[in-house]
Amino acid sequence: MTETPDHPAPPAGYTPLATLCPVDSSMGPWFVRDNDDGSRTVGFRIGAHHLNANGVCHGGVTATFADILARVFNETYSGRSGAAPVVGKMATITLDIDYLGPGLPGAWIEATPEVVKRTGKMLFTQALITDGQSPVARCKAIYRLFQQKGGTD
């Protein structure tokens with residue numbers, strides 16, 4: 001990504017995360033970093049288009065970010081970073097978010113998602129979303145995994 005005043009470069013080690021739909025694109029750009037322990041960290045920088053009327057990151061943007069973490073879980077477990085996940089499509093069953101602090105303009109927001117449990121049809125996850133120093137939100141989610149071709153199993 002080319003750095004501009006409106007879109008500063010992400011921290012070292014992050015690469016763009018390809019978007020899957022127009023909603024992802026409109027709220028991004030999103031970035032991902034592969035960590036030495038095999039985990040992956042996802043992040044974005046809060047820009048003007050992310051702000052609510054109070055001048056901090058809109059809760060809906062934080063919720064969208066939390067939901068995008070599922071793609072990273074799926075790719076990590078499939079071993080195909082940046083490609084369509086092997087397990088096929090996913091659908092969000094529940095997404096719970098506790099807002100813990102404001103995301104301020106210009107802040108780098110990141111999360112290293114954790115898989116709590118994975119079954120043949122379900123993925124249970126959690127993550128702490130921070131601005132690098134302080135918690136911004138905590139999320140947990142359950143996703144339904146579909147067969148490679150989509151549809152229900």
Side-chain angles (χ1 to χ4, degrees), residues 1-78 80-85 87-116 118 122-146:
M1 175 180 165
T2 304
E3 183 172 2
T4 67
D6 292 334
H7 296 285
Y14 283 88
T15 58
L17 180 65
T19 58
L20 295 177
C21 69
V23 171
D24 293 351
S25 296
S26 69
M27 289 194 183
W30 314 103
F31 299 90
V32 63
R33 179 186 72 208
D34 293 325
N35 301 316
D36 292 338
D37 65 0
S39 67
R40 301 175 82 204
T41 301
V42 184
F44 74 102
R45 189 164 313 279
I46 299 175
H49 67 292
H50 297 124
L51 303 180
N52 64 18
N54 295 321
V56 297
C57 190
H58 192 286
V61 173
T62 304
T64 299
F65 176 70
D67 204 32
I68 286 173
L69 297 175
R71 173 161 176 226
V72 175
F73 297 133
N74 204 349
E75 288 179 356
T76 300
Y77 273 75
S78 72
R80 299 181 59 200
S81 177
V87 298
K89 297 185 182 217
M90 301 171 68
T92 307
I93 294 174
T94 63
L95 177 61
D96 296 325
I97 299 178
D98 299 318
Y99 295 98
L100 305 172
L104 301 176
W108 177 256
I109 301 298
E110 65 181 20
T112 303
E114 299 174 33
V115 172
V116 176
R118 181 176 178 176
M122 308 285 276
L123 182 65
F124 300 81
T125 65
Q126 65 184 12
L128 182 64
I129 300 169
T130 73
D131 64 6
Q133 296 181 12
S134 301
V136 172
R138 175 180 53 199
C139 64
K140 64 180 180 175
I142 303 171
Y143 300 95
R144 172 71 160 86
L145 305 175
F146 295 104

Heavy-atom closest pair (Cys57 atom, Ile46 atom, distance to 0.1 Å) is CB-CD1, 3.7 Å
Residues Pro113 and Ala127: closest non-hydrogen pair is CA-CB, 3.9 Å
NZ of Lys140 to CZ of Phe124, rounded to nearest 0.5 Å, is 11.0 Å
Exercise. Do the non-hydrogen side-chain atoms of Tyr143 and Thr92 ever get within less than 4.5 Å of each other?
Worked result: yes
Nearest heavy-atom approach of Tyr14 to Pro10 is CB-CB, 3.9 Å
Nearest heavy-atom approach of His49 to Gly28 is NE2-O, 2.9 Å
All heavy atoms of Met122 vs all of Ile93, minimum pair found to be CE-CD1, 3.5 Å
Validation: residues 94-102 side-chain donor-acceptor distances under 3.5 Å, sequence neighbours left out:
{"unit_1": "Asp98", "atom_1": "OD2", "unit_2": "Arg138", "atom_2": "NE", "d": "3.1"}
{"unit_1": "Asp98", "atom_1": "OD2", "unit_2": "Arg138", "atom_2": "NH2", "d": "2.8"}
{"unit_1": "Tyr99", "atom_1": "OH", "unit_2": "Gly59", "atom_2": "O", "d": "2.9"}

Rounded to the nearest 0.5 Å, the CZ atom of Phe65 sits from the CD1 atom of Ile129 at a distance of 5.5 Å
query: Hey, mind stepping through Leu69 and Trp30 against side chain to side chain contact (heavy atoms under 4.5 Å, CB included) and telling me if it holds?
result: CA-CA 10 Å; Leu69 297 175; Trp30 314 103; over 6 Å; no
Rounded to the nearest 0.5 Å, the CD1 atom of Ile109 sits from the CG atom of Leu104 at a distance of 8.0 Å
Value for CZ (Arg33) from OG1 (Thr112), rounded to nearest 0.5 Å, stands at 6.0 Å
Value for CD (Glu110) from CG (Leu128), rounded to nearest 0.5 Å, stands at 10.0 Å
Mark yes or no for whether Asn54, through its side chain, and Val56, through its backbone, hold a donor-acceptor pair below 3.5 Å. no
Residue set satisfying ring-ring contact (aromatic ring centres under 6.0 Å, His included) with His50, at least two apart, ordered chain then number -> Phe44
